[in-house]
Amino acid sequence: MSPRARPQLAIYPGSFDPITRGHEDIVRRTLRFCDGVVVAVSHHATQLKHGLFSVGERLELIQQVFDDDERIEAVAFSGLLVDFARKREINLIVRGLRAVSDFEYEFQMALMNRDLQPGIETLFLAPDARYSFLSASLVREVAALGGDISAFVAPVVQKQILQKLGEQ
Ligand code: ADP
């Protein structure tokens, strides 16, 4: 097999508010067959609901969680994902699939993105079963109610969530 002419990169888009063990799991699985992952934090100027963390804070947490592994880049993007992908010359989008409830929306998005930019493919990965019901919003909710989230986020993320909630 001849070596690849250029590294195979994947974009992993989402809100990552904040990054959970489920997200980490998907990034690590992607690195089994890609040379690098661009974790793309979407921020919409039109977004009505504000998250717990600012986009800058989310990016910082992602960097800390991966301990500056140079194969993983955290960037913010706004606008259409396919436009961002085109600018970066990346034609692979990775998404995590949890329960069946994710499927319909994800399937629609994948087909829409391919329609907007033929040549772009979406790859779905299943996380470790431990994380298959985990979402960032659930983590935020459990933490706000005083539950233990240590199994679901990295220690640095847990610390920041507790600090943030304490400020509110
Ligand atoms: P969340 O729903 O946790 O707020 P995002 O909007 O940041 O997540 O999702 C980004 C991508 O990561 C989506 O494809 C989503 O399905 C996936 N994802 C989120 N949590 C998990 C998980 N626990 N296991 C697998 N994939 C996940």
Side-chain angles (χ1 to χ4, degrees), residues 9-34 36-66 71-82 84-85 88 90-114 116 120-145 147-158 160-161 164-165:
L9 300 182
I11 294 181
Y12 180 30
S15 34
F16 303 99
D17 184 28
I19 181 164
T20 68
R21 291 289 194 205
H23 295 127
E24 287 178 51
D25 184 270
I26 297 298
V27 169
R28 296 211 165 90
R29 283 177 201 284
T30 305
L31 285 172
R32 291 183 183 164
F33 52 88
C34 284
V37 179
V38 177
V39 181
V41 179
S42 85
H43 71 84
H44 301 289
T46 53
Q47 214 165 32
L48 291 175
K49 81 176 169 71
H50 286 287
L52 183 61
F53 291 99
S54 71
V55 170
E57 289 167 336
R58 296 179 208 181
L59 293 174
E60 219 168 278
L61 284 175
I62 295 166
Q63 276 149 3
Q64 287 174 7
V65 162
F66 293 111
R71 294 171 304 166
I72 300 153
E73 188 190 342
V75 293
F77 79 101
S78 52
L80 282 176
L81 175 62
V82 291
F84 173 72
R88 294 294 305 257
I90 299 174
N91 57 12
L92 183 61
I93 296 170
V94 167
R95 297 283 285 176
L97 269 191
R98 289 165 287 195
V100 185
S101 49
D102 275 343
F103 179 76
E104 195 167 348
Y105 174 72
E106 292 292 341
F107 192 61
Q108 270 180 352
M109 282 300 295
L111 293 183
M112 177 57 84
N113 282 334
R114 198 161 56 193
L116 291 169
I120 207 145
E121 290 296 344
T122 304
L123 206 69
F124 296 107
L125 296 176
D128 187 293
R130 280 177 297 170
Y131 307 130
S132 60
F133 289 97
L134 184 61
S135 68
S137 57
L138 192 59
V139 166
R140 295 196 302 267
E141 216 173 300
V142 170
L145 297 172
D148 179 11
I149 52 166
S150 57
F152 306 124
V153 293
V156 62
V157 177
Q158 181 179 12
Q160 292 302 320
I161 291 177
K164 190 66 112 177
L165 291 172

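Heads up: numbering here begins at 1 and tracks the sequence. In each ligand, atom 1 is the first atom listed, and ligand 1 is the first ligand listed. Since this is a predicted model, take the numbers as computed values, not measurements.
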When you measure from the side chain of Asp102 to the backbone of Leu97, do you find a donor-acceptor pair of N or O atoms at a distance under 3.5 Å? no
Take the angle between the ring planes of Tyr12 and Phe16 and call it parallel below 30°, perpendicular above 60°, tilted in between. perpendicular
Do His23 and ligand 1 have an N or O pair less than 3.5 Å apart? yes
Shortest non-hydrogen separation from Val94 to Pro13 and the atoms involved: O-CD, 3.4 Å
Check each heavy atom of Arg21 against ligand 1 and say whether those closer than 4.0 Å belong to the side chain, the backbone, both or neither. neither
Please determine which of Glu141, Arg98, Arg140 meets the side chain to side chain contact (heavy atoms under 4.5 Å, CB included) test together with Ser135. Arg98
Min over Gly96, Pro18, Ser132 of heavy-atom distance to atom 16 (O) of ligand 1 lands on Gly96
Of Val157, Leu134, Ile149, which meets side chain to side chain contact (heavy atoms under 4.5 Å, CB included) against Thr20? Leu134
Closest to atom 13 (C) of ligand 1 among protein heavy atoms sits Arg95 CZ, 3.5 Å
Heavy-atom nearest neighbour in the protein, as seen from atom 25 (C) of ligand 1, with distance rounded to 0.1 Å: Pro127 CG, 3.3 Å
Determine whether His23 and Tyr131 satisfy the following criterion, side-chain contact (heavy atoms from CB on, under 4.5 Å), listing intermediate values before the conclusion. CA-CA 9 Å; His23 295 127; Tyr131 307 130; over 6 Å; no
Heteroatom proximity flag, Leu97 to ligand 1, N/O under 3.5 Å: no
Closest heavy-atom pair and its distance - Thr30, Val37: CG2-CG2, 3.7 Å
Just let me know how Asp102 lines up against ligand 1, side chain, backbone, both or neither, with a heavy-atom cut-off below 4.0 Å. side chain
Salt bridge or not for Asp25 and Arg21, using N-O below 4.0 Å? no
Mark yes when over 12 heavy atoms from residues, nucleotides or ligands other than Phe152 sit less than 6.0 Å from its CZ; otherwise mark no. no
Among protein heavy atoms, which sits nearest to atom 12 (O) of ligand 1, and what does the distance come to when rounded to 0.1 Å? Tyr12 OH, 2.6 Å
Identify the closest protein heavy atom to atom 20 (N) of ligand 1: which residue and atom is it, and at what distance? Arg98 NH1, 3.2 Å
Are the side chain of Arg58 and the backbone of Phe53 linked by a donor-acceptor contact shorter than 3.5 Å? yes
for atom 4 (O) of ligand 1, nearest protein heavy atom and its distance come out as Ala136 CB, 3.6 Å
So, Arg130 side chain and Gly22 main chain: donor-acceptor pair closer than 3.5 Å or not? no
for atom 23 (N) of ligand 1, nearest protein heavy atom and its distance come out as Tyr131 O, 2.8 Å
Which residue and atom name correspond to the protein heavy atom nearest atom 6 (O) of ligand 1, and how close is it? Ser15 OG, 3.0 Å
Could you list the atoms of ligand 1 found under 4.0 angstrom from a heavy atom of Leu134? 20 (N), 21 (C), 22 (C), 23 (N)
Check ligand 1 against Ile26 and write out every atom of the ligand that is under 4.0 Å from a heavy-atom position of the residue. 25 (C), 26 (N)
Below 4.5 Å, heavy atoms only, C-beta onward: do Asn113 and Met109 meet side chain to side chain? yes
Does Ser135, backbone or side chain, put an N or O under 3.5 Å from an N or O of ligand 1? no
Where is the nearest protein heavy atom to atom 10 (C) of ligand 1: which residue, which atom, and how far? Pro13 O, 3.4 Å
Gly14 N/O under 3.5 Å from ligand 1 N/O: no
For Phe16, the ligand 1 atoms whose distance to one of its heavy atoms is below 4.0 Å: 7 (O)
Does ligand 1 have a heavy atom under 4.0 Å from the side chain of Phe133, from its backbone, from both, or from neither? neither
Residue part near ligand 1, for Leu125, under 4.0 Å between non-hydrogen atoms: neither
